[in-house]
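The chain is numbered in sequence order, starting from 1. Side chains are part of it too, since the values below use all heavy atoms of this structure and drop only hydrogens, waters and symmetry mates.
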Amino acid sequence: MGCTAIALPDRRGSADRARGKGRLRYLAGKLCDAQAIDQRVRISYRPRGADRQEAVIVDRVFNCAGPDGNLHRLATPLLRHLLDAGRIRSDAHGLGVDVDHLSRVRDRKGNPQDDLLAVGPITKGEAWEIVAVPDIRRQVWNLARFLADEHWVGGEGL
């Protein structure tokens with residue numbers, strides 16, 4: 001999991017001024033541990049490109065890595081059940097559920113299933129940029145055309 005930890009000043013101000021004065025830092029790396037200490041947080045992380053961990057105490061932490069699509073770390077009961085039953089598998093990049101170009105979820109053996117479909121960010125291994133509403137709308141439109149067997153219908157206005 002990627003993480004950006006930011007030590008923010010207590011009072012509001014521009015990020016550029018705070019950074020220039022050393023009160024704001026951007027730290028990119030893998031979050032290893034976080035522990036609350038009074039009103040602050042002790043972060044253990046491995047800086048990007050480094051082999052060793054570092055620790056820092058910060059006022060605020062922002063995870064900028066986006067949603068975690070690693071199915072083996074998910075605690076969602078439905079996805080866990082589907083994974084254990086062999087109905088879904090991770091995509092080749094570990095970003096989410098493996099689907100084909102028609103949004104059919106691939107089973108453990110890689111066979112697309114007509115009765116199990118997925119859209120949205122969980123399909124980013126196939127669709128890549130699929131977090132914005134226009135992208136998801138287009139994906140759902142294509143799926144609706146497939147389900148209605150109306151492949152010839154255009155997507156004007158999407």
Assess the residue pair W141 and R137 against the criterion (side-chain contact (heavy atoms from CB on, under 4.5 Å)); give the C-alpha distance rounded to whole Å, side-chain angles, the decisive distance to 0.1 Å, and a yes or no. CA-CA 6 Å; W141 174 256; R137 183 186 311 134; 5.6 Å; no

Show your reasoning for whether salt bridge (Lys or Arg N to Asp or Glu O under 4.0 Å) applies to D98 and R89. CA-CA 6 Å; D98 190 11; R89 71 176 190 180; 2.8 Å; yes

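- Judged as a side chain to side chain donor-acceptor pair (under 3.5 Å), and not counting sequence neighbours, the contacts of R104 are D100, D114.
- Q35 pairs by the side chain to side chain donor-acceptor pair (under 3.5 Å) definition with D33, not counting sequence neighbours.
- For H93, the ring-ring contact (aromatic ring centres under 6.0 Å, His included) partners at least two apart in sequence or on another chain are W128.
- Looking only at distances, no side-chain donor or acceptor of Q53 sits under 3.5 Å from a matching main-chain atom of C32.
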side-chain contact (heavy atoms from CB on, under 4.5 Å) between L79 and I122, worked out: CA-CA 11 Å; L79 292 177; I122 196 79; 4.3 Å; yes

Run the numbers on D84 and R108 for salt bridge (Lys or Arg N to Asp or Glu O under 4.0 Å), then give the verdict. CA-CA 9 Å; D84 291 345; R108 180 183 293 138; over 6 Å; no

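- Side chain to side chain, Q113 and R106 fail the donor-acceptor criterion of an N or O pair below 3.5 Å.
- Between E54 and S44, every side-chain heavy-atom pair lies at or beyond the 4.5 Å cut-off.
- Using modelled atom types, no side-chain atom of D107 and backbone atom of G86 make a donor-acceptor pair closer than 3.5 Å.
- For the atom pair NE2 of H81 and CD1 of I88, the computed distance is 10.0 Å after rounding to the nearest 0.5 Å.
- Pairing each heavy atom of A118 with each of T123, the nearest pair is O-CG2, 3.5 Å.
- Here the closest heavy-atom approach between residue I37 and residue R42 is recorded as CD1-CB, 3.4 Å.
- Distance CD1/I57 to CD1/I43: 10.0 Å, rounded to 0.5 Å.
- The distance from atom CG of L102 to atom CZ of R145, rounded to the nearest 0.5 Å, is 10.0 Å.
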